[in-house]
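As structure tokens, the structure follows; a few thoughts come after it.
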Amino acid sequence: SDIPLRPGLTCDAEIVAGGTVIVAPGVEVRIPLGTGLRVAGTLRAIGTKASPCLLTTPGASVGNAGTIDIAGGRVELTNCDINLTLVPYKNSILACGQSRFHTAGFITTAPNSFLEVPHTVVLSDCAFEGGGTASISDGNVAWRNVQLTNPSPIFAPAVLGGFAVL
């Protein structure tokens, strides 16, 4: 069933298996430092070029942001500006299209990811800029027309299975 998502979380929250949350164009979803959203169901944020969705952590910095843990669920992001951490776990799907990852925008596989595969990450027409980065190992990864500009001075701009993509 579809349920509304309040724009600002104040504690950890979960989209349960079978549940779907749809974020409308122009909506800003704020996940504060120290909190996270666990997705076992589906999170769908579908913005437009004129009115993108914003997934952010106020006051975030590189390596220090709220998280969306994709725990066996599916996250679909189209025309989104992303300034938080996305973590796909086992049996998860992360699909991003026409989206931008900013300062704290970060995709990383779960800790001990070799125990957590397979997960699937699909990026199409996305940009990592101003520090946004990705570190993805194992699992299934598909990238198409992905731009990396002004990488983070702390993290490699993108790492796939241990190999830098420049």
Side-chain angles (χ1 to χ4, degrees), residues 2-47 52-96 99-117 119-121 123 126-139 141 148 150-159:
D2 295 346
I3 57 174
L5 179 66
R6 291 186 301 172
L9 298 178
T10 57
C11 62
D12 290 335
E14 180 175 9
I15 301 171
V16 299
T20 298
V21 172
I22 298 173
V23 179
V27 170
E28 179 178 333
V29 177
R30 295 180 297 277
I31 300 180
L33 291 170
T35 63
L37 174 63
R38 183 175 186 274
V39 179
T42 301
L43 171 62
R44 190 174 292 131
I46 310 295
C53 296
L54 176 61
L55 306 172
T56 190
T57 297
S61 59
V62 175
N64 189 24
T67 62
I68 296 178
D69 292 325
I70 311 163
R74 180 180 185 97
V75 172
E76 302 168 11
L77 308 174
T78 303
N79 284 311
C80 292
D81 287 338
I82 301 156
N83 195 34
L84 47 72
T85 303
L86 300 168
V87 184
Y89 285 81
K90 183 178 181 179
N91 298 323
S92 298
I93 296 173
L94 169 60
C96 297
S99 296
R100 295 182 304 168
F101 291 80
H102 297 282
T103 304
F106 188 61
I107 299 173
T108 185
T109 50
N112 300 316
S113 65
F114 62 92
L115 299 174
E116 297 290 335
V117 296
H119 52 267
T120 300
V121 177
L123 300 173
C126 291
F128 291 82
E129 51 196 37
T133 191
S135 176
I136 303 168
S137 61
D138 306 315
V141 180
L148 304 167
N150 299 321
S152 161
I154 298 172
F155 300 103
V159 176

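The shown structure was predicted, so the numbers you read here are calculated from the model rather than taken from an experiment.
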Distance in Å, [X] [atom1] paired with [Y] [atom2], rounded so as to fall on 0.5 Å steps:
X      : Y      : atom1 : atom2 : value
Leu33  : Leu84  : CG    : CG    : 10.5 Å
Leu54  : Arg100 : CG    : CZ    : 10.0 Å
Leu123 : Ile107 : CG    : CD1   : 4.5 Å
Ile82  : Cys96  : CD1   : SG    : 4.5 Å

[X] (side chain) donor-acceptor with [Y] (main chain) under 3.5 angstrom:
X     : Y     : result
Thr42 : Thr20 : no
Thr56 : Arg30 : no
Asp12 : Gly36 : yes

Show the nearest heavy-atom pair for residues [X] and [Y], with the distance to one decimal.
X     : Y     : value
Ile46 : Glu76 : CD1-O, 4.5 Å
Gly47 : Cys53 : N-SG, 3.6 Å
Gly19 : Ile15 : O-CG2, 3.6 Å

Distance-only check: which donor-acceptor pairs under 3.5 Å involve side-chain atoms of residues 64-71, not counting sequence neighbours?
none

**OP:** May I have the step-by-step check of side-chain contact (heavy atoms from CB on, under 4.5 Å) for Val21 and Leu37, ending in yes or no?
**Re:** CA-CA 12 Å; Val21 172; Leu37 174 63; over 6 Å; no
**OP:** Compare all side-chain heavy atoms of Leu86 with those of Leu77 and state whether any distance is below 4.5 angstrom.
**Re:**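 Yes - at least one pair of side-chain heavy atoms lies under 4.5 Å apart.
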